[in-house]
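Values below: every heavy atom of this structure, side chains too, minus hydrogens, waters and symmetry copies. Within every chain, numbering begins at 1; the chains are lettered A, B, ... in the order of the sequence lines, protein sequences first and strands thereafter.
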Amino acid sequence: MKPKVAFYWCAAGGGCEEMVVDLAEGILDVVAAVDIVLWPVAMDFKKADIEAMEDGSIAVAFINGAVRTTEQEEWAHLLRRKSQAVIAVGACAQMGGIPGLANFSNRAGVFQTVYRDAPSTLNAEGVLPETTHQDNGFTLTLPRFFDTVKALDQVIDVDYTIPGCPPTPQLLSDAVSALLAGKLPAKGTVLAPDQALCMDCPRKDTKPERLAISEFKRPHQVLIDQEKCILAQGLLCLGPATRSGCGSRCIEGNMPCTGCFGPTSRVRDYGGKVLSAIAGSADSNDEAEIARILDKIPDPAGTFYRYSLPVSELQRKRL
Amino acid sequence: MPEPFEPRIVAFFCNWCTYLAADLAGTSRMKYPPNARVIRVMCSGRLDPQFILKAFADGADGVLIGGCHPGDCHYQEGNYKCLRRFNLLKRVVKEMGIEDDRLRLEWISASEGDRLRTVMIDMVEKVRALGPLNWNASLEEVAVS
Amino acid sequence: MPDSNGAVRVGVYVCHCGSNIAGIVDCKAVAEYAAGLAHVVVSRDYKYMCSEPGQELIRTDIQEHQLNRIVVASCSPHLHEHTFRVATANGGLNPYFMAMVNIREQDSWVHTDKAAATHKAKDLVSASVRRVVLQRPLDKARVSIDPNVLVVGGGIAGIHAALTLANAGKHVYLVEREATIGGHMAMFDKTFPTLDCAACILTPKMSSVKAHPNITLWTYSDVENVAGYVGNYKVRVRRRTRYIHEDLCVGCQECVEACVFKVPKVNDEFNQGLGKRRPIYLPFPQAIPQTPVIDRETCIEFKTGKCKKTCVEACADRHAIDFKLEDKLEEIQVGTIILATGFQTFDAKRIPYYGYGHYPNVYTALEIERLVNASGPTSGEVVLRDGKTVPKSIGIIHCVGSRDENTNRWCSRVCCMYSLKLAHLLKEQTGAEIFNFYIDVRTPGKGFEEFYQRLLVEGVHFIRGKVAEVTDWVFDPSEEGMLTLRVEDTLLGVVRRIPVDMVVLSTGLEGRHDAQEVRRLFNITCASEGFFQERHPKLAPVSTFTDGIFLAGCCQGPKDIPDTVAQAGAAAAEALALICAGYVEQEPNAAYVIAEDCSGCKNCIPLCPYSAITFTVDKRAEVNPVLCKGCGTCVAACPSGSLQQRMFEDDELFAEIEGVLVHA
Amino acid sequence: MPEKPGYLYFPGCSLRATGVAYEESLLELFRMLDIPLHELNDWNCCGATSYMSVDEGSAFVLSARNLSIAGGMEAPDLMAPCSACYLALRKTQDYVSHYPETARIVEEGLKAAGLKPLNGVRVRHPLEILYNDIGLAKIKALTVRKWQGGKIACYYGCQAVRPYDEVDRPHDPMRMDQLMNAVGVETVDYSLKTKCCGGTLTGTIHDVGVRLNYILLKEAVRKGAQAIVTICPLCQFNLDAYQAEVAKESGEVFDVPILYFTQVLGWALGGNLKSLGLKRSIGGRGLVRKWFTENREVLANA
């Protein structure tokens, strides 16, 4: 009998679904090898179907996305109960990801922006989502939206993690085949190499030994040299602090690494660490000059915690 | 009745200047409030921003960093490296909603026991005025929904 | 030796330090609290942990209770860390399985609220227990000691230190900034309280420095750069040129006599500007070396290029004089360094109301030393600036610049005695009425008080009171043409006006004006007064916080000649101790790269001030443990957490942070 | 702010009473220098020394009221020619910035009066303004009358130079001497230049006050000075008004002109003789007439 596999999405951008689709023909092998019992984006299963299943009857649940609503919380717990193994897929599930940036605000702030202030919003009456709503005798409900976005393992116990925004199809199929072969590593493992991206960066050799940055630049401000180390060109490439395994996709696209694979296992707070490394390269010992150089880094908190705010030491902004 | 608020301050002092200044304050029997808990590192350059963030996350109401005066670092330039990180860390910490006076960097040389005393007094007073930071609790209260 | 982090068994020891700690911190409570902490097997409080029985306690507990971690809560690690590491090692454990908690200097001595101080002690202990659990066994690295020694400063301190070391068979480089060694002592006339002539006891030592086979003497030279570490210092010395070949010059001084300046016109520094010298000169007759110097600023040849160069003629076939000579750079390798850079006297101009520089007959004590000196500008004749009048009355003001909030707060220690000495010499030579104005007369030294009594008998007047001003304001016709000292005589309780012919300002001692640069050059610390700071005021008075660098003489603080010589001997002995041991053990706190984790991002390389980090062929960073001094700056910056520091590992520090905060 | 802001001017009580000559000559001098002075709106007592010693708190508030008003006016610096005013205002500013308690008292006082809090207006003395802002060179260049009078002694007194050292060096001030030399006046080395003029003692313990003046006059004359130049109305008044009594007490007759440095400078720069208050001093009228009014000689460069 083929092992049962579930795919679920929480708060995410859909990239992780894309990743599955990006398996291309490979997906057929997956379908052939496993029995998909849940995949909201592609197939129609109901919550009841899953609830009806026996606990632990699903071999592995691949869950992407962060947890920010009661519905997502319920699904996470449900799948945990029904599955032998849960694999957090993608930066959102692993660290909160882009949705995690909402932790600089709270529900009220998010609603205000999204349903009222955003230039693209048309909402003359300024209606905001309600958890329950009466409509000619019927009670309509919506899941409750939390003030704080959480990573999956802040809600349920997670067995493995596949990092990335999104992860590469390769990482997924590796995981699946490891699963089929019953060769999964120790619990808690992040299924990607434990060194930083520079390790296999194609431009590694062009990075100077004594890098000193006197002016930080942003991608739209310069014509980025295709060959040279991007950080050495003054752009905030977070590769030195970011786990490899992505195949240097951004670098290949001549764009700096923004850190979606998160830190190595030896770093607790990604933002704090990368901040330390970057600041050290500021080329001055003069207080005013140091300030001038670092002024060129827009929104430091948002930049360094782009994907990992919910799992950082401080987790969210204090309001 | 509830006890008056006593700030909890974690202090990171470099081994050669500020830690010695603190020893000197002791040998000179200077008095200052007992709120700070000193953690010794060889150089302010050893301070990984993760330590400071961890201290706040674990319940410190304030963090004080003490190093050698510019130009006086026992390791030549460690304090400058600290200064660079501090500048950037300040910006991030501010973004997270932590007031300016809660995170402080002071240059205090081995001979400045009295300066150490004044800084301690001043820091404790400023943080006391700000009230508890109490990070985790403050997270819960926004998280309730 | 158990070295696993497996079954961890911690012993905690809380020291009372008599009442020093126990007076404020409830040591018993702290020990009881510690007993409840994870991994703690034994927890005790004891009167004096540093005592023999205290250390024995640790040793026996380790064996009886199979302890493999030790926490001692007592004084500053700067004082007793070594002691307790040894105690730990004696118990058969790796000494680095010990952690110290500072509950004296940074707790009981600075706080008054017992409950709060005890709470603080508990938090610190909890932190150290958590930390010690994670500590790794470490071994000290050994660094060999180069037997050569550098002594900086050729005053009596430097001279004595150099001779002591040279006599012990070690090679010494003695570097002096001036053109001669001898320092301030060479300027003094007689020395208190014995009144033996300074020159007579100093010059023989000076010549033996010159003659000693084990001493390389470089005068007119500056230390320009110091690199390396204890046992292996690389030093660059600039030997400023005298424009005279030291090896060719025979010291006949004929060039000096022959100088086109028949009459000396240049202010003579050695005589405090009271006398004149020529552009080519020897600082003073007994100068060592006996090689003259040509001073560019005033020499006609350098100013115009049109001098008759009578000096060169006089030097004749010896060809020692060469206007083309240039500075010489010497690179030397030494294992230890003794700083004996001395002091400077307080600038009397900083106290305008004493009129120095305004009224010609106000002198500094150092000027008087030269004035009463037989080889001085007036050949020992004490006359006023007019060059003829012998003073009939002299006022000596003590504590000028010392013991004063507005100038220097410290007591300069030697002024009372040298004031008494000068009072005696001046009276002896002029028979003048002499008034000493003092705050307190401090004579704590062998034969000092007796000397004071002797002066009282000699009829020298002592007026207790701080002089308000020295003025030429005439209130009574008898004051016409004199300098009047206005002072409150605190014994009589009246304000007095005392007119005199000559005023002597007993200026205090202070650190050299360039003490800060020197301090940075040698990477040591300065106390706020500008004197170099010793490692410990009592237990390490000649050591500094930089291993292998020692202090001698007044650069560490004001002291008289006997104390200076004693300290110079002590510094020499400390250096010898290192040299004889042949090696020094280094704190094993170097940074290290976890090779398999390093991504080779090179971020750490530029951060190291000692270039201890290199990029290897397999494209990873590598730390040279000998060059690494253990600041940890690179560790804090490693973006992938692949750099760590022994003794200050990330997990150890995180554990400490948790520890101090865990109990609200 | 106008392109020539000039200075706010705080006359204080003395310059409208015993020190009229000071005000007259000061205004004339700044007219010659073409620097506008704006009298402080609705100013009040500076809080003066005696009040300070009786009720410091109220004195500070009183003093601060002037500073607060100054804060709202067109020029940044407040010039207080009377040494007592200068010190009182300067001290208030200092205490408010260094002692929270004083700051609180002053803040409450100002609030009660509906006044703005202090905004760091600079309190300054004309001696230091002339020395720093205008400068010796310019003064020298603007000099048109040639001095033919005798040597003078510059007398600084206490309040302008102590405890604050912004006006001149506390123990051996020289700026007035330098200004005098700049306009060709020879000064003597006057050792008592900062000693006490008797202050208010002349009014309280009269004989002591008179004796102090005697000492100052006697020494100035001994040093060869024929006149004394001051920067403080109280000093000027004491030295000038009691010369007859000094003679009575000491048996030594003095007839020494006691002038304001602004009178000498104003004269040298070609000020209107009638606007320098030269007729107002008591001592040495003869000399004053001879030196200032009868001397018609002007400098070549004029």
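R116(A) places a side-chain N or O within 3.5 Å of a backbone atom of G126(A) that can act as its donor or acceptor partner. Proximity of a side-chain donor or acceptor of R84(B) to a complementary backbone N or O of A282(A) within less than 3.5 Å is detected.
Annotation: side chain of N106(A) is not in contact with side chain of K317(A) (no heavy-atom distance under 4.5 Å). K207(A) has its side chain within reach of L231(A): a pair of non-hydrogen atoms, C-beta onward, lies under 4.5 Å apart. Side chains of I108(B) and F13(B) form no contact here, defined as non-hydrogen atoms less than 4.5 Å apart. A heavy-atom distance below 4.5 Å is found between the side chains of R40(B) and Y19(B). Between T141(A) and T131(A) there is no side-chain heavy-atom pair separated by less than 4.5 Å.
Residue with the most contacts toward chain A among K94(B), Q50(B), E95(B): Q50(B) (heavy-atom pairs, distance under 4.5 Å). Ranked by non-hydrogen atom pairs under 4.5 Å with chain A, the options L88(B), L53(B), I98(B), N87(B) are led by L88(B). The candidate with the highest count of non-hydrogen atom pairs below 4.5 Å against chain A, out of I52(B), L47(B), V93(B), V92(B), is V92(B). Between chain B and the residues L275(A), I290(A), L309(A), I293(A), the largest count of heavy-atom pairs under 4.5 Å involves L275(A). Comparing T303(A), L294(A), D299(A) by heavy-atom pairs within less than 4.5 Å of chain B, the highest count is held by L294(A). Chosen from K81(B), R91(B), K54(B), the residue pairing most often with chain A at heavy-atom distances under 4.5 Å is R91(B). For chain A, the option among F56(B), F51(B), Y80(B) with the highest count of heavy-atom pairs below 4.5 Å is Y80(B). Contact count against chain B (heavy-atom pairs under 4.5 Å) is highest for S276(A) among G272(A), S276(A), P300(A), A301(A).
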Audit row: Y307(A), T258(A), side chain to side chain donor-acceptor pair (under 3.5 Å) steps and yes/no: CA-CA 9 Å; Y307(A) 301 96; T258(A) 57; 2.8 Å; yes
Please test Q134(A) against T139(A) for side chain to side chain donor-acceptor pair (under 3.5 Å), starting from the C-alpha separation and ending with a verdict. CA-CA 5 Å; Q134(A) 296 300 329; T139(A) 302; 3.0 Å; yes
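Listed in order of number, the residues of residues 57-78 of chain B that approach chain A to under 4.5 Å between heavy atoms are A57(B), E77(B).
For chain B, the nearby part of S284(A) is the backbone; its heavy atoms alone come within less than 4.5 Å. Looking at I297(A), the atoms closer than 4.5 Å to chain B (heavy atoms on both sides) all sit in the side chain, from C-beta outward. Both the backbone and the side chain of D295(A) come within less than 4.5 Å of a heavy atom in chain B.
Residues S111(B) and L24(B) share a closest heavy-atom pair of O-CD2, 3.5 Å. Taking all atoms of both residues into account, the shortest heavy-atom contact from P163(A) to A192(A) is CG-CB, 3.7 Å.
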